[in-house]
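Below is one structure, written out as structure tokens; the observations come after it.
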Amino acid sequence: MTTRDIMAAGRLPRNESERLLMKVTGRTRAEVVAGVPIDDELAVAYSTLCRRRLAGEPLQYIEGSIPFALCEIAVDRRVLIPRPETEYLWELACTLPDEAPSLIVDLCTGSGALAIGLAAIYPDADVVATDVSEDAVNLAADNAEANGQSIRVFVGDLFEALPDELAGRIDLLVANPPYVSTLEMEELPDEVADWEPHLALAAGSDGLSVLRGLIAGLPGWLRPGGWFFIEVGSGHATAALDLLPDTVSCQIRRDLTGRDRYLVGQRL
Ligand SMILES: C[S@@+](CC[C@H](N)C(=O)[O-])C[C@H]1O[C@@H](n2cnc3c(N)ncnc32)[C@H](O)[C@@H]1O
């Protein structure tokens with residue numbers, strides 16, 4: 001039996017079968033597609049992964065990691081699976097017009113993807129990542145180590161997690177806070193609602209409850225001229241602009257599908 005035979009007989013979409021066979025065999029996609037021999041042990045391992053997928057578990061949790069921003073980020077049920085929109089936020093934050101930032105903060109870090117991706121781009125920066133979930137912070141620390149990056153992690157609610165001496169000194173702040181409204185939470189696909197942490201998603205009746213606290217802290221924590229790059233929910237950008245104090249400037253930026261998804265600005 002070969003990987004080709006298995007894919008022809010399977011119940012999963014072809015690209016998912018390919019990815020699970022890559023995980024089980026350790027082979028490249030090209031090798032799996034061309035067909036490599038599968039012994040009984042590998043066939044059993046593959047059908048175990050298939051069963052998990054058919055039960056609705058996200059493919060990325062089964063694979064155990066995702067490529068993100070030059071890094072390989074481990075993901076499991078402790079954290080949200082980083083999305084392509086967030087990788088684009090990282091790209092935006094990599095193009096600062098000023099000199100390289102010395103102090104970078106990623107609030108709501110989850111798996112640590114943004115913080116670790118930025119540490120890779122700005123190797124001399126002090127990179128600090130926080131999350132209200134201790135589980136997430138532990139995984140972020142492990143991910144940093146596995147990717148050879150140095151970050152400092154803290155547990156706590158938004159800016160409260162940060163050491164006091166960082167106040168007014170942040171050169172670059174990134175955040176992808178939870179932004180799903182109570183109504184939207186009820187309409188999430190099962191694959192998200194049943195598997196990803198609700199703490200990473202739910203943000204009150206209007207989806208802005210965490211963002212409010214985040215925006216309120218910007219003037220006190222950024223240095224004058226310090227930058228922020230924040231992901232917001234689709235349809236939230238205009239409401240978010242209304243929350244901003246007049247001590248910061250801000251533009252709305254679009255994601256790759258043309259939706260207003262990011263607040264990019266500076267403390268004045
Ligand atoms: C949308 S996820 C983003 C995770 C990661 N930054 C990413 O983009 O993949 C939001 C994260 O915020 C964390 N979180 C929720 N409320 C928070 C709060 N009040 N303070 C700090 N972190 C919070 C959650 O635990 C979750 O890890």
Side-chain angles (χ1 to χ4, degrees), residues 58 60-61 65-94 104-120 127-144 147 149 151-163 166 170 172-182 184-185 188 192-193 195-218 221 228-234 236 240 243 255 261-263:
Q60 296 89 339
Y61 286 160
S65 68
I66 65 156
F68 183 99
L70 314 175
C71 303
E72 190 68 24
I73 300 293
V75 288
D76 59 34
R77 293 190 71 176
R78 290 175 287 176
V79 295
L80 187 95
I81 299 161
R83 305 296 204 266
E85 292 88 334
T86 307
E87 192 161 15
Y88 189 56
L89 181 72
W90 166 80
E91 277 189 52
L92 293 176
C94 288
I104 299 173
V105 170
D106 174 17
L107 293 183
C108 304
T109 195
S111 62
L114 281 170
I116 296 162
L118 288 168
V127 180
V128 176
T130 79
D131 201 289
V132 77
S133 156
E134 190 169 357
D135 278 347
V137 160
N138 288 339
L139 183 56
D142 289 347
N143 270 326
N147 283 281
Q149 300 300 333
I151 67 170
R152 293 194 286 153
V153 296
F154 297 96
V155 179
D157 181 19
L158 296 176
F159 293 98
E160 283 177 19
L162 294 174
L166 302 190
I170 299 172
L172 168 60
L173 180 134
V174 293
N176 175 22
Y179 49 67
V180 183
S181 71
T182 307
E184 289 166 334
M185 283 298 292
L188 286 175
V192 177
W195 293 89
E196 297 194 86
H198 286 201
L199 187 59
L201 298 161
S205 57
D206 60 1
L208 300 173
S209 65
V210 184
L211 186 66
R212 278 194 188 85
L214 188 50
I215 285 177
L218 292 176
W221 285 89
F228 60 89
F229 292 77
I230 300 173
E231 184 171 328
V232 297
S234 197
H236 291 172
L243 299 172
D255 67 15
R261 290 299 301 279
Y262 311 109
L263 305 179

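One is the number of the first residue; the rest follow in order along the sequence. On a predicted model such as this, the values are computed, not experimentally measured, just so you know. Atoms within a ligand are numbered from 1 in the order they appear, just like the ligands themselves.
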Rounded to the nearest 0.5 Å, what separation is found between the [atom1] atom of [X] and the [atom2] atom of [Y]?
X	Y	atom1	atom2	result
Asp157	Cys108	CG	SG	8.5 Å
Trp221	Leu166	CH2	CG	6.0 Å
Asn143	Ser65	CG	OG	8.5 Å

So, are Asp255 and Arg261 salt-bridged, with charged N and O less than 4.0 Å apart? yes
With no hydrogens and no angle check, do the side chains of Tyr179 and Glu184 hold a donor and an acceptor under 3.5 Å apart? no
Considering only heavy atoms, which protein residues lie less than 4.0 Å from any atom of ligand 1?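 Answer by chain and number: Leu80, Pro82, Thr86, Cys108, Thr109, Gly110, Asp131, Val132, Ser133, Gly156, Asp157, Leu158, Asn176, Pro177, Pro178, Leu199, Ala200.
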Under the ring-ring contact (aromatic ring centres under 6.0 Å, His included) definition, can you give me all pairs with a residue in residues 195-214, not counting sequence neighbours?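 Residue pairs with at least one partner in residues 195-214: there are none.
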